[in-house]
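All values derive from a computational prediction rather than experimental measurement. All values below come from the heavy atoms of this structure, side chains included, with hydrogens, waters and symmetry mates left out. Every chain is numbered from 1 and lettered A, B, ... according to where its sequence line falls, protein lines coming before strand lines.
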2 protein chains.
Amino acid sequence: MKKRPTIGDVARQSGLSASTVSLALNQSGYVSEKTRAKVMRVVKELGYHPTRAARGLASSTSGNLGFIVSEDHFAQAEQFYTRVFLGTELEARLHDYYVLLTVIGRHFTKGNSIPRFLLERNVDGVIIAGSVNDKIIEYIDGLGLPIILVDYQFKRKPCSAVLIDNRNGTRSAVSHLIQIGHTRIGFIGGDLRHPSIAERYGTYKATLEEHGLVPDPSWIAADEKYLSFKSGCTAAEKVLSAPSRPEALFAANDSMAIGSLHCAKRQGLRIPEDLAIVGFDDLEVSSHVEPRLTSVRVHKEEMGRLAVRRLVDILRSKLTTEVTAHVRADLIVRESTAGKLGEYAPLTVEAEDEVAW
Amino acid sequence: MKKRPTIGDVARQSGLSASTVSLALNQSGYVSEKTRAKVMRVVKELGYHPTRAARGLASSTSGNLGFIVSEDHFAQAEQFYTRVFLGTELEARLHDYYVLLTVIGRHFTKGNSIPRFLLERNVDGVIIAGSVNDKIIEYIDGLGLPIILVDYQFKRKPCSAVLIDNRNGTRSAVSHLIQIGHTRIGFIGGDLRHPSIAERYGTYKATLEEHGLVPDPSWIAADEKYLSFKSGCTAAEKVLSAPSRPEALFAANDSMAIGSLHCAKRQGLRIPEDLAIVGFDDLEVSSHVEPRLTSVRVHKEEMGRLAVRRLVDILRSKLTTEVTAHVRADLIVRESTAGKLGEYAPLTVEAEDEVAW
DNA sequence: GTGAAAGCGCTAACAT
DNA sequence: ATGTTAGCGCTTTCAC
């Protein structure tokens with residue numbers, strides 16, 4: 001078993017010193033083109049590749065990015081966070097980073113709940129997806145590691161974030177319901193501590209108000225603890241049993257929307273004739289339920305990619321300005337509100353073939 | 001900014017040498033309980049945590065596992081591989097490993113197509129999911145890294161693998177169709193180079209034969225290049241246009257099954273009355289299509305977990321025996337074959353509430 | 001522009 | 001059972 005070549009071998013073979021080889025390899029300028037070319041030749045000849053651990057030790061750099069998501073979020077919206085994570089993974093690859101994923105629990109006080117990659121200095125920066133205990137943010141910040149928040153906001157300190165344009169997304173969803181003739185529009189939601197959900201709820205009310213509509217309190221179920229399928233069922237049951245039930249529902253996310261949809265169907269309601277439903281997130285499954293769910297599309301992978309791009313920018317050039325990006329959230333009209341397609345001539349109707357498979 | 005403590009600090013504080021501290025920390029035996037206790041106390045006191053890079057350099061160990069999946073597979077069966085990956089991730093965490101994910105292209109000759117984590121010696125072992133170019137397996141083997149295959153087999157050399165019990169899975173699916181009265185049973189598939197698919201196809205034919213049934217060749221569409229939703233549509237169109245069309249379909253996976261389902265519905269066929277359909281994999285979406293799809297459940301996370309467990313066993317104890325594990329594949333009967341539930345009194349009927357949300 | 005020297009923080013023989 | 005001694009392979013001042 002022949003040993004793999006080290007930087008020393010490259011130095012010897014090219015008649016240079018290890019430090020020069022290192023400089024040449026790391027694009028550090030200060031190396032003549034001629035030298036660099038020679039180094040590259042020998043590197044290729046020998047099939048040399050630096051060892052990550054050695055680089056890490058010498059440069060206090062790991063080549064990894066940490067991805068943190070709370071247990072709760074991940075368990076209840078796996079489809080969502082998985083795709084964000086995939087986005088980070090794909091983008092990180094382009095920049096020669098790997099992503100270490102970790103799921104954290106509610107409690108942060110216990111020492112063992114700190115992600116190992118932080119304790120071992122095994123990441124150069126961190127992406128946090130969804131809401132978390134703010135203490136972890138402060139802890140990471142204290143470590144001096146750059147942080148990018150995805151779909152979450154930190155109030156106490158400016159922090160770069162990639163957010164969803166919940167305002168416009170919600171506005172287009174609710175406006176759509178109004179436009180196709182509904183006035184009795186309910187809300188299905190929960191976990192209002194999450195900024196995104198709170199924003200969707202707020203914009204739902206604001207949009208109705210702008211149109212001179214006032215929702216009956218019994219049409220609103222916003223106190224579910226989770227945003228899950230099951231919570232959607234529960235919430236819908238509550239709302240649909242109201243003496244004067246709503247004729248349309250805006251759900252805080254697709255899981256709840258689908259839960260509501262199932263519940264409504266079980267009660268014998270026809271969707272969208274008896275009840276129109278709009279969700280938020282546009283999960284893959286949403287275009288497969290029957291009727292197919294109208295939803296606000298969130299570009300999940302893109303959010304992950306943006307987060308990585310931002311993080312890498314910071315890492316590579318030591319930028320420190322906090323930047324907040326808002327990704328679009330576009331309404332995708334499907335059968336759960338459109339009825340027979342075309343009937344209401346909605347602005348955006350997804351062709352059946354567009355289903356992303 | 002105070003520097004983090006090193007092993008030297010722990011040594012000093014506890015009046016021991018760095019090597020003793022190292023031994024104590026790594027459970028290496030050979031350390032008195034008394035000493036270990038003292039070390040632990042100081043470690044806690046100082047909040048010491050070893051730096052991954054330093055450990056790596058000194059011990060030629062990375063603390064990472066590599067996860068490789070082909071671009072093609074990942075793009076076409078993301079739902080499947082994502083869950084396997086999640087399984088590895090969750091299990092790896094229990095054993096203090098992180099998983100580095102990489103997607104590889106078809107071609108392997110080009111040097112730059114070798115996963116960077118291999119070149120940089122940044123993983124201690126590798127999990128390969130789905131079929132890949134065998135050269136990569138040989139390359140990794142040449143590196144001396146342990147490999148666990150998931151849903152794939154390597155012929156030239158014994159290699160540990162976590163496989164799906166396709167035989168029993170397929171047998172139960174096809175038997176179910178026969179049991180509920182069908183005799184004209186078609187097959188929807190493709191990419192027969194994949195061992196799992198080939199096995200499902202083979203067992204499909206064998207099972208029919210055992211029951212004295214002979215499928216008309218026009219009922220079989222097994223030459224699609226991909227196993228995608230779209231391929232499922234195409235294949236179903238072919239098969240359903242046969243002069244004497246089949247009354248039931250067994251699809252090689254759920255994506256194709258759902259493609260077939262859409263296609264059949266578009267042609268005005270009622271499912272399951274006019275055409276019964278069974279898939280394989282039991283993706284999350286399968287329990288949300290209408291009618292809900294009967295499928296063979298594959299425990300994807302469990303496959304990932306098993307692979308990691310095996311890999312860690314090898315890493316920790318230097319085991320070298322190749323082991324092949326087969327994970328169960330159980331039929332889940334839903335509406336795409338059961339019709340009104342209970343009509344055929346199938347063995348396993350999933351309650352609606354069982355949907356994993 | 002290039003080289004020499006000094007670590008980075010840890011593990012692993014080997015000695016005691 | 002514990003300490004001594006060497007590195008692991010690379011980066012990074014700092015001279016020249």
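In summary, A:Glu138 and A:Arg156 engage in a salt bridge, as defined by a charged side-chain N under 4.0 Å from a carboxylate O. Using a 4.0 Å cut-off between charged nitrogen and carboxylate oxygen, B:Glu322 and B:Arg310 do not count as a salt-bridge pair. Using a 4.0 Å cut-off between charged side-chain N and carboxylate O, B:Glu33 and B:Arg36 make a salt bridge.
Distance, B:Arg55 CZ to C:dA12 C1': 14 Å, rounded to whole Å. Summarising the geometry, the separation between CG on B:Leu57 and P on C:dA12 is reported as 12 Å, rounded to the nearest angstrom. Taking atom CZ of residue B:Arg4 and atom P of nucleotide C:dG9, one finds them 9 Å apart after rounding to whole Å. Taking atom CG of residue B:Asn26 and atom P of nucleotide C:dG9, one finds them 17 Å apart after rounding to whole Å. Rounded to a whole Å, the CD1 atom of B:Ile7 is 14 Å from the P atom of C:dC8. Regarding A:Arg52, its CZ atom lies at a distance of 13 Å from the C1' atom of C:dC8, rounded to whole Å.
Side chain of A:Ser70 to backbone of A:His73: a donor-acceptor contact under 3.5 angstrom is found.
Non-hydrogen atoms lying under 4.0 Å from DNA chain D are contributed by nothing in residues 37-46 of chain A.
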Derivation of the side-chain hydrogen bond (donor to acceptor under 3.5 Å, both in side chains) call for B:Ser14 and B:Arg41: CA-CA 9 Å; B:Ser14 50; B:Arg41 229 202 54 235; over 6 Å; no

Full working for salt bridge (charged side-chain N to carboxylate O under 4.0 Å, His left out) between B:Lys38 and B:Glu45: CA-CA 10 Å; B:Lys38 165 174 275 172; B:Glu45 224 169 271; over 6 Å; no

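Residue-level contact check: A:Ser60 touches neither bases nor backbone, having no heavy atom under 4.0 Å from any strand. Residue-level contact check: A:Ser22 touches the bases, meaning some heavy atom is under 4.0 Å from a base atom.
Between A:Phe85 and A:Phe67, the ring planes lie perpendicular to each other; the angle is over 60°, past the 30° to 60° tilted range.
In terms of position on DNA chain D, the residue among B:Glu33 and A:Pro5 whose nearest nucleotide sits closer to the 5' end is B:Glu33.
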Pairs under 3.5 Å (N/O, protein and nucleotides 3-7 of chain C):
from	atom 1	to	atom 2	distance (Å)
C:dG3	OP2	A:Ser17	N	2.9
C:dG3	OP2	A:Ser17	OG	3.4
C:dG3	OP2	A:Thr20	OG1	2.7
C:dG3	N7	A:Ser19	OG	3.3
C:dA4	N6	A:Ser19	OG	3.0

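The shortest side-chain heavy-atom distance between B:Pro50 and A:Leu119 does not fall under the 4.5 Å cut-off. For the pair B:Glu89/B:Leu101, no side-chain contact is recorded, criterion being any heavy-atom separation below 4.5 Å from C-beta on. For the pair B:Thr324/B:Leu163, a side-chain contact is recorded, criterion being any heavy-atom separation below 4.5 Å from C-beta on. The shortest side-chain heavy-atom distance between A:Glu78 and B:Leu86 falls under the 4.5 Å cut-off. Contact check for B:Thr102 versus B:Phe117: side-chain heavy atoms found under the 4.5 Å cut-off.
Secondary-structure annotation of DNA chain C gives the stems C:1-16 with D:1-16, with a stem taken as at least 3 successive Watson-Crick or G-U pairs whose two distances both fall under 3.5 Å.
For DNA chain D, the contact window with chain A, defined by any atom under 4.0 Å from a protein heavy atom, covers D:dG9 to D:dT12 in 5' to 3' order.
Applying the side chain to side chain contact (heavy atoms under 4.5 Å, CB included) criterion to B:Ile137, with sequence neighbours excluded, gives B:Ile128, B:Val132, B:Asp134, B:Ile147, B:Leu149, B:Tyr152, B:Phe154.
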Atom pairs and distances, donor-acceptor, side-chain atoms in residues 56-64 of chain A, under 3.5 Å, two or more places apart:
from	atom 1	to	atom 2	distance (Å)
A:Ser59	OG	A:Arg55	O	2.6
A:Ser62	OG	A:Asn64	N	3.0
A:Ser62	OG	A:Asn122	O	3.2
A:Ser62	OG	A:Val123	N	3.4
A:Ser62	OG	A:Asp124	N	3.4
A:Ser62	OG	A:Asp124	OD1	2.9
A:Asn64	ND2	A:Asn122	O	3.2
A:Asn64	ND2	A:Asn122	OD1	3.3

